[in-house]
Amino acid sequence: MSCRTRGGLLVVDAVTPAVLVLSGPVVRDEVPGLCDDVRELLGAGGAGPCRRVVVCDVGGLGPPGLAAVDLLARLELTARRAGGRIRLRDPDPALRSLLRFLGLRLQVEGEAEEREPALGVEEEVEPGQPAV
């Protein structure tokens, strides 16, 4: 969701989130610049639209490792400090497993958020048990 102020009402674009494409092997020297990019995309600096989510396309990030995990953790921390979140697009299954193993609960595009039940899902009860 993004918002811009034009001297009156807010103009909201709830369909198009900001996208940051991450590619190649992660180099430690690039991390501060990428954190600045996330901060800018969230509009925390006052310039540009105000957003709550930045989609990080991690499909071209390469093999998962601790450098990638460190980058994503720092981007999430930067986004939270700016009042937003990051959401992963096209993460490698091994990267998702590594993040889960290390206890980092990052949102993944296309999945229901933890606080929202998936649509069309109903809990089953054992026969003879009252429905709750």
Side-chain angles (χ1 to χ4, degrees):
M1 178 191 270
S2 65
C3 56
R4 283 177 248 128
T5 56
R6 290 188 188 170
L9 298 175
L10 296 176
V11 177
V12 178
D13 178 10
V15 179
T16 311
V19 178
L20 178 66
V21 178
L22 304 173
S23 61
V26 178
V27 180
R28 183 175 286 279
D29 296 339
E30 296 175 350
V31 174
L34 292 169
C35 288
D36 290 340
D37 291 345
V38 166
R39 200 174 297 111
E40 183 179 319
L41 288 169
L42 287 170
C50 171
R51 298 181 191 268
R52 302 211 18 105
V53 175
V54 172
V55 175
C56 293
D57 189 340
V58 295
L61 201 56
L66 292 180
V69 170
D70 180 58
L71 169 65
L72 294 174
R74 289 176 187 270
L75 293 179
E76 175 71 5
L77 179 61
T78 300
R80 286 193 176 211
R81 286 180 177 166
R85 300 286 307 256
I86 66 168
R87 184 176 298 142
L88 303 182
R89 176 183 288 167
D90 195 26
D92 185 270
L95 177 62
R96 291 178 69 182
S97 296
L98 184 58
L99 290 170
R100 209 168 320 149
F101 176 74
L102 294 172
L104 293 173
R105 306 273 185 237
L106 299 179
Q107 294 178 1
V108 176
E109 199 172 54
E111 288 185 356
E113 293 182 24
E114 286 184 25
R115 63 183 175 269
E116 297 177 1
L119 296 175
V121 175
E122 297 179 16
E123 291 187 26
E124 287 188 31
V125 295
E126 295 292 323
Q129 298 258 338
V132 180

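Remember, it's a predicted structure, so these values are computed and weren't measured experimentally.
D90 CG to C56 SG: the interatomic distance, rounded to the nearest 0.5 Å, is 13.0 Å. For the atom pair CZ (R96) and CG (L104), the distance works out to 13.5 Å, reported to the nearest 0.5 Å. Here the straight-line distance linking atom CG of L20 with atom CZ of R87 works out to 14.5 Å at 0.5 Å rounding.
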Which donor-acceptor pairs under 3.5 Å do the side chains of residues 60-78 make with protein atoms, sequence neighbours left out?
residue : atom : partner : partner atom : Å
D70     : OD1  : R74     : NE           : 3.1
D70     : OD2  : R74     : NE           : 3.1
E76     : OE1  : I86     : N            : 3.1
E76     : OE2  : R80     : NE           : 2.9
E76     : OE2  : R85     : NE           : 2.7
E76     : OE2  : R85     : NH2          : 3.2
T78     : OG1  : R74     : O            : 2.9

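L95 and V27 are members of different hydrophobic clusters when ILVMFWY side chains are connected at heavy-atom separations under 4.5 Å.
Between V38 and A79, the shortest heavy-atom contact is CG1-CB, 3.9 Å. For the pair V58 and P91, the tightest heavy-atom approach, listed with the atom from each and the gap, is CG2-CA, 3.5 Å. The minimum heavy-atom distance between L42 and V53, with the atom names listed, is CD2-N, 3.9 Å.
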